[in-house]
Amino acid sequence: MNLSRRTFLTASAGATAAAFLGSSQAFATLEDLNKALSEFTGGAEPGEGPLTLTTPEIAENGNSVPVSVLVESPMTEDDHVQSVMILAEGNPLPDVATFHFSAMSGEAKASTRMRLAKTQNVVAVAKMSNGDFYKVSNNVKVTIGGCGG
Amino acid sequence: MAKPRIKIPKKVAAGDVITIKTLVSHKMESGQRKDKEGKVIPRKIINKFSCEFNGASVFSCDIDPAVAANPYFEFKAKVEEAGTFKFTWVDDDGNVIEAEKEVALS
């Protein structure tokens, strides 16, 4: 192969750029997400259920994206929602927050604001007192990322 | 320490499910950002929020760096009797912010 000076320079510059991007743009992989997920569910496969995740379709500012979860449940001592975990697929760290409810919550509904680094799927997983798990995911388009990198 | 802001009804009917909104001023330094010299700014966030009513846990939240600055939480509570809601925020550095709100029955 005839490697001219020009192609060599372009190639090496490209390689450096790739290495640099690789180190600074460390986003969570699907593996990280699945690991966090299975730690939460203890390996159980979450199904579909009365879990609603509310996020904006387009978030102009990734620094503060409203997120809200609601699980329909009678919320009694025997039958209530224990916790809901929120995960962001495309953030450097997938965990966002885990809400813990009790029978005294009355209703399994909670909201907060989160940071999103880029356009990605946001996942919510609910853990019920009877050991069932529900999962739902929403796509959020992010115009300006919120990780200040 | 910053004074938290809490919105909660003063009077409720027994058995009502009320909405509580809380916000506390905090930078929530994620540990992902870098300063001008390219050094990573160490993480410093509020990592736990909890709400108790007359000593029993109502709602709590484990918080990761992806929660936005000035963490805001909105949640529900079922009130059967008059009493005191106690709110606690725990910082990475061990500092604890506490607040209490009384609720009377109407």
Side-chain angles (χ1 to χ4, degrees), chain A residues 23-28 36 40 54 59 61-71 73-76 80-117 120 122 145-149, chain B residues 7 12-24 26-36 38 40-41 43 45-81 83 85-86 103:
Chain A
S23 63
S24 71
Q25 303 276 77
F27 288 115
F40 183 71
T54 313
N61 182 357
N63 268 317
S64 183
V65 184
V67 56
S68 173
V69 291
L70 167 69
V71 193
S73 158
M75 293 308 272
T76 59
H80 61 270
V81 184
Q82 282 185 344
S83 13
V84 176
M85 180 165 71
I86 302 173
L87 296 163
E89 265 182 28
N91 273 3
L93 299 164
D95 304 84
V96 176
T98 310
F99 301 128
H100 301 285
F101 300 98
S102 69
M104 283 180 69
S105 301
E107 208 179 313
K109 185 180 182 200
S111 313
T112 185
R113 294 175 190 144
M114 63 180 170
R115 292 173 173 142
L116 292 179
Q120 57 183 282
V122 176
C147 281
Chain B
K7 197 171 179 189
V12 295
D16 265 8
V17 175
I18 59 168
T19 302
I20 304 174
K21 297 177 182 180
T22 67
L23 187 140
V24 64
H26 196 283
K27 209 170 170 190
M28 299 292 279
E29 192 57 63
S30 68
Q32 301 288 333
R33 298 200 308 155
K34 289 177 182 161
D35 63 12
K36 278 181 202 149
V40 172
I41 306 171
R43 173 184 134 153
I45 64 166
I46 288 184
N47 57 47
K48 180 99 188 162
F49 166 72
S50 59
C51 169
E52 288 177 2
F53 183 65
N54 293 346
S57 174
V58 174
F59 174 84
S60 67
C61 182
D62 301 326
I63 307 167
D64 290 290
V67 168
N70 304 330
Y72 162 85
F73 295 103
E74 180 183 333
F75 54 94
K76 302 277 184 180
K78 192 173 187 181
V79 182
E80 303 277 10
E81 53 183 356
F85 278 98
K86 189 181 171 198
V103 168

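A note on names: the letters A, B, ... follow the listed sequences, proteins ahead of strands, and every chain is numbered from 1. The model shown is predicted, which means the values in this text are computed figures rather than measured ones.
- In this structure, CZ on A:Arg113 lies 12.5 Å from CE on B:Met28, to the nearest 0.5 angstrom.
- Contact count against chain A (heavy-atom pairs under 4.5 Å) is highest for B:Cys61 among B:Pro71, B:Cys61, B:Ala56.
- Listed in order of number, the residues of residues 72-79 of chain B that approach chain A to under 4.5 Å between heavy atoms are B:Tyr72, B:Phe73, B:Glu74, B:Phe75, B:Lys76, B:Ala77, B:Lys78.
- Between B:Val58 and A:Met104 the shortest heavy-atom distance is CG1-O, 3.8 Å.
- Closest non-hydrogen pair, A:Asn91 versus B:Ala66, comes out as ND2-CB, 3.7 Å.
- Summarising the geometry, atom OG1 belonging to B:Thr19 is positioned 6.5 Å from atom NZ belonging to A:Lys109; distances are rounded to the nearest 0.5 Å.
- Here the closest non-hydrogen pair linking A:Thr112 and B:Val67 is OG1-CG1, 4.0 Å.
- A side-chain donor-acceptor contact under 3.5 Å links A:Ser102 to the backbone of B:Ser57.
- Chain B forms the most heavy-atom pairs under 4.5 Å with one residue out of A:Val65, A:Ile86, A:Thr98, and that residue is A:Thr98.
- Distance check: A:Met85 CE to B:Asp62 CG gives 10.5 Å after rounding to the nearest 0.5 Å.
- Only the side chain of B:Leu23 comes within less than 4.5 Å of a heavy atom of chain A; its backbone N, CA, C and O stay farther away.
- Contact detail for B:Pro65 and A:Arg115: the closest heavy-atom pair is O-NH1, 3.0 Å.
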